[in-house]
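Structure first, commentary second.
Just so you know, residue 1 is the first one in the sequence shown, and it goes up from there.
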Amino acid sequence: MRRFIGVGLLLLLMAVVSIDAQNESSLKISSTCLGNIMRVDVGPLGGKLLEFAAVMNNSAILITPSLASQCGFSMKTDHLGNAMIYASLQNCFAQNVEDHAFTTTLNLRLHGNQMDEDELYQVAETCQYTAWASREIVCDHNYMEVSVKRAAPHDYVLPNHLIPSANSKWGNPRRAAEKRPVEAGFRITTLVFFTPEERIMEVKEALNRGYGIANTPSRLVLRSPKTTPETYIQNVAGVPMTVLKTSTIFEKKWLAVQIDATAACPLVEGSVSVSSNTIAWYLPWHIDPLISSKQFKLLEVHMGINGQRITTAEMAARQYSLIVSSTHIVIKIPIGAVGGYLKSNVQDNQYFTSYTVEPMVELHWIEDTTHEDTRYKVLFPITTPFLPQPLQVIDETVPNKQIFKLILGPFGTDVALINITFPSEVLSVAECNVRGFNVMELMSPNSSSKVFILQVPFMDPVVLQMTQNGFTLYRLQLTFGLLVLPELAPLSHTAHLEAKLVNIAPPKVFGGCDHQNFYVLVEHGRRSFQTMVGKQMLTPDLGQKYGFMDNGTHFSLVVPFSAPDVVFEAIEQASIRGRIDVIMRNPETNTEIKKFSMACNFHSTLTVCFPNGTMTALAVKLEAVPSLNTSRLTLRDPTCGPLFSNDRFAYFIFSGNTCGTTRKFLSNVMLYENEISLPDESDKSDESDESERKNESEEPVYELKVSCYYDINTIHTLAFRTKPLMNQPYAENGKGELQVAMRLALDKSYSLFYREEDYPISKYLQQPLYFEVELMRSRNPKVSLELENCWATLKEDRMSQPRWNLIIDGCANKVHPYQVVFHPVWVDARVENPSHFKRFEVQMFSFDDKETLSPQLFVHCDAVICDARNPLGGVCNKKCPSKNNEIRGQRQALSHVSSGLINLTQ
């Protein structure tokens with residue numbers, strides 16, 4: 001069970017970590033059950049102070065360093081501000097349910113600076129643990145804990161006269177002891193410590209000295225700080241270990257019970273050896289203070305990191321090793337391996353690193369004589385001294401790609417690249433990336449280190465070039481500027497790179513134009529190039545389009561003036577200046593070798609003036625306005641847009657008295673003028689738009705003047721002959737499709753309608769249903785839509801039975817208990833011709849089928865299209881009792897529509 005809620009509280013076990021703001025991210029909190037301990041991960045702290053408190057009976061208890069070791073808590077942080085809180089399942093504040101379920105609740109507080117409010121969190125975790133051994137020993141950072149079964153065979157009941165007093169020698173009471181389990185009513189009164197001399201202590205004194213003592217439903221728990229006067233150092237197979245050896249006395253009236261509890265934890269000094277690239281940790285697997293029998297069996301050996309077991313596959317991936325020799329368990333970890341972290345340091349601009357890792361060992365053994373088993377867990381933080389870490393520059397430049405590529409490292413994750421100094425300038429990392437240098441940071445997949453990768457194109461000005469003996473020599477000299485966080489210690493490293501390229505003679509290109517084409521001739525001399533025509537690669541398909549021909553040493557192209565790869569530079573009086581670009585690239589390096597550009601003027605009639613006053617104009621998109629959308633161009637009247645447009649042209653047709661065309665009288669001619677431009681958006685009131693417009697030029701982005709001259713005094717002779725018509729024009733009958741749609745409105749305003757995906761729709765009995773029937777795709781005001789018959793069925797099939805009539809011959813069915821009500825239709829934003837619509841209302845009803853209400857129905861209508869100018873009777877000329885229902889006109893066509901499924905909600 002895990003929960004995270006925001007509450008207020010405090011705590012005193014602190015972790016202060018400062019990290020660079022670039023590495024800050026949102027806080028993450030998680031908790032994990034790890035056998036007989038639990039772990040809470042908090043981070044990154046972002047330079048804030050972390051405090052935590054234990055919650056018990058709705059009260060929060062501050063966890064001081066001394067209380068942490070007494071009650072089974074510890075905390076550590078890494079250099080990036082990530083904290084780990086460890087808690088024994090049997091800690092002082094855990095809610096213990098029959099020694100099977102343990103719930104620990106912690107309040108977390110993050111202190112920022114005075115400007116920021118504290119961040120408050122709560123985390124609770126319930127861990128299930130039933131695999132208790134007869135004895136469980138935990139060696140944590142700051143304490144050691146032993147938990148033993150109270151009903152173990154080594155428990156003895158003593159007569160009262162053999163109970164030791166505070167001023168008496170302990171003697172050897174076991175001779176007179178009787179083996180019995182600890183029953184209810186016994187209480188802990190005395191502890192005897194063997195240092196190895198005997199030292200007797202009352203419970204109250206032991207608690208005051210920082211010891212933790214707990215009597216759970218089935219176990220005795222004793223916890224001690226790592227260093228106390230009652231602990232002693234014992235050398236076990238060459239490894240120094242801190243030993244705590246005790247006997248606990250339980251009393252009840254005239255009886256007493258003694259329970260022995262011993263813990264032994266290894267020290268770093270004497271058990272760890274560090275080489276230039278490996279950490280080796282030695283732990284004896286026959287721990288003499290913990291084993292009373294010479295015959296015992298080692299059942300399990302496990303390795304872990306940060307309190308959590310890891311698999312054999314994970315160990316292999318991280319290059320860890322675990323060896324069980326004849327005397328020791330040996331764990332070897334490569335320095336810098338995943339699971340730990342590197343801390344950086346700078347001394348005289350030399351880079352040093354220290355590696356911190358926290359391996360864990362779990363042992364499980366059983367003694368043959370007593371048949372008691374022991375689980376032994378050690379959390380063992382190891383930190384190496386600072387060692388010099390020479391930085392390496394790996395040159396991975398491939399000259400043909402014409403890009404320098406180098407790798408610098410390895411570094412710890414607490415090193416940040418700030419800038420790079422070149423001979424001519426200093427650039428930040430962001431400026432390098434904008435410049436196209438591509439600066440990257442790459443974490444190693446098999447270690448906790450990282451490297452920086454830099455790529456610089458040969459053509460950048462920071463690269464020095466020198467041509468000699470048919471080669472071009474490229475040189476890159478730079479200095480990396482780095483910082484170690486959070487100390488902000490500066491570090492620099494200089495690198496020099498060189499690369500050579502064979503000089504390749506560029507091809508020769510020739511060109512010319514006629515009145516409609518560009519002609520390009522390339523002399524390539526059998527050398528292979530990638531050719532770009534405009535922005536397109538010259539492929540076989542494009543070559544066929546442009547008349548590509550190659551004789552082995554030359555190839556030619558014929559590109560039409562109107563081809564999409566031609567860019568238009570300018571519009572002149574009777575011509576357009578176009579340009580074609582042909583670029584040759586090295587196929588191996590994708591670098592430009594030769595660029596050829598040719599511009600020509602092509603005659604083009606942009607404006608045509610017709611004798612009847614009609615004018616046409618062609619607007620061309622120019623290279624200077626690449627973002628121009630030609631479809632947005634208009635004449636002076638913004639409502640006059642192009643008749644046709646694409647991404648290069650816009651075509652307009654208008655007359656001399658429309659679209660804002662002006663007229664001016666000159667000598668013997670009349671001048672009609674208009675102009676094509678983008679619409680004026682000066683009416684916008686948005687402040688940001690106004691500020692942008694102030695920075696723009698007063699001239700429009702695009703403007704093309706259109707002019708037509710007409711002679712005033714020119715006379716033209718026109719002859720014609722008339723012939724009277726024999727008959728008046730008439731229309732013949734024909735066939736076509738008329739589309740009619742039925743909708744169900746949400747209310748009687750008929751403004752919102754149910755969509756197709758909304759069906760089936762549920763309605764209550766007698767709830768109004770608002771139907772609308774519309775004649776689609778017709779704008780003829782001379783025709784009208786009439787409803788001939790409307791009815792309801794239980795099934796979607798309009799011909800199914802039973803059937804209940806709603807409208808008969810255009811009129812409401814008088815027999816229906818809820819008569820149809822017709823609603824008028826008025827012109828609005830959606831309705832152009834009211835005669836094309838019919839609206840009616842009917843209350844929701846149900847078919848009465850043997851006293852069982854049917855839960856659904858469908859509504860169908862036969863619609864008639866009438867000609868109001870030529871009434872012929874029938875439904876088109878029907879008169880109902882209500883004037884609102886009167887229908888007139890000639891019947892033209894019949895159509896059928898149906899509604900979707902409507903459910904009755906009961």
Could you check whether E251 and T189, counting side-chain N and O atoms only, form a donor-acceptor pair closer than 3.5 Å? yes
With rounding to the nearest 0.5 angstrom, report the OG1 to NE2 distance, T311 to H302. 12.0 Å
Verify the distance criterion only: is there a donor paired with an acceptor across the side chains of T242 and T231 at less than 3.5 Å? no
Hey, what do you get for NE2 (H100) to CG (L89), rounding to the nearest 0.5 Å? 12.5 Å
Residues E125 and T104: side-chain donor-acceptor under 3.5 angstrom: no
Hey, is K343 close enough to D414 for a salt bridge, meaning N to O under 4.0 Å? yes
Atom pair NZ (K332) and CD (Q319), whose distance is rounded to the nearest 0.5 Å: 13.5 Å
Side-chain donor/acceptor of T384 to backbone N/O of Y355, under 3.5 Å: yes
Heavy-atom closest pair (S224 atom, L244 atom, distance to 0.1 Å) is CB-CD2, 3.4 Å
Got a salt bridge between E362 and R309, using NZ or NE/NH1/NH2 to carboxylate O under 4.0 Å? yes
Mark yes or no for whether K226, through its side chain, and D140, through its backbone, hold a donor-acceptor pair below 3.5 Å. yes
Is any NZ, NE, NH1 or NH2 atom of the basic residue among K76 and E358 found under 4.0 Å from an Asp or Glu carboxylate oxygen of the other? yes
Aromatic plane relationship, Y282 with H328 - under 30° parallel, 30 to 60° tilted, over 60° perpendicular: perpendicular
Should the heavy atoms of other residues, nucleotides or ligands under 6.0 Å from NZ of K245 be counted, would the total exceed 12? no
Using modelled atom types and a 3.5 Å cut-off, is there a donor and acceptor pairing between side-chain atoms of T278 and backbone atoms of S275? no
Carefully, step by step, assess E145 and S88 under the rule side-chain hydrogen bond (donor to acceptor under 3.5 Å, both in side chains). CA-CA 9 Å; E145 174 185 286; S88 168; 2.8 Å; yes
What class does the angle between the rings of W365 and Y376 fall in, given that below 30° is parallel, 30 to 60° is tilted and above 60° is perpendicular? tilted
Can you list the steps and then say if D78 with T356 is a side-chain hydrogen bond (donor to acceptor under 3.5 Å, both in side chains)? CA-CA 9 Å; D78 63 20; T356 298; over 6 Å; no
Please check if atom CG in N57 has more than 12 non-hydrogen atoms from other residues, nucleotides or ligands closer than 6.0 Å. no
Donor-acceptor contact below 3.5 Å, side chain S271 vs main chain V268: yes
Scan side-chain atoms only and decide if Q308 and T32 contain a donor-acceptor pair under the 3.5 Å cut-off. no
May I ask you to say whether R375 pairs ionically with D373, meaning some side-chain N is under 4.0 Å from a carboxylate O? no
Under a 4.5 Å cut-off applied to non-hydrogen side-chain atoms, are I200 and T190 in contact? yes
Under 3.5 Å donor-acceptor, N91 side chain and F93 backbone: yes
R223 side chain to Q70 main-chain N or O, any donor-acceptor pair under 3.5 Å? yes
So, are E372 and R135 salt-bridged, with charged N and O less than 4.0 Å apart? no
Is a salt bridge present between R318 and E314, judged by a nitrogen-to-oxygen distance below 4.0 Å? no
Could you check whether any side-chain N or O of W285 sits under 3.5 Å from a backbone N or O of S325, counting only pairs where one atom can act as donor and the other as acceptor? yes
Test your reading of the model: is there a side-chain donor-acceptor pair from D99 to the backbone of S218, 3.5 Å cut-off? yes
To the nearest 0.5 Å, how far apart are CG in L283 and CG in L363? 6.0 Å
Check whether more than 12 heavy atoms from other residues, nucleotides or ligands sit under 6.0 Å from atom CD of E300, and answer yes or no. yes
Would you please classify the geometry between the H286 ring and the F296 ring as parallel, tilted or perpendicular, with 30° and 60° separating the classes? perpendicular
Exam field: side chain T248 to backbone L191, donor-acceptor pair closer than 3.5 Å: no
For the side chain of S247 and the backbone of V192, is there at least one donor-acceptor N/O pair under 3.5 Å apart? no
May I have all residue pairs that pass disulfide (SG to SG under 2.5 Å) and include part of residues 208-278, sequence neighbours excluded? C139-C265
Establish, from distance only, whether the side-chain atoms of E136 and Y129 form a donor-acceptor pair under 3.5 Å. yes
Do Q295 and T369 get their side chains close enough for a donor-acceptor pair, meaning under 3.5 Å? no
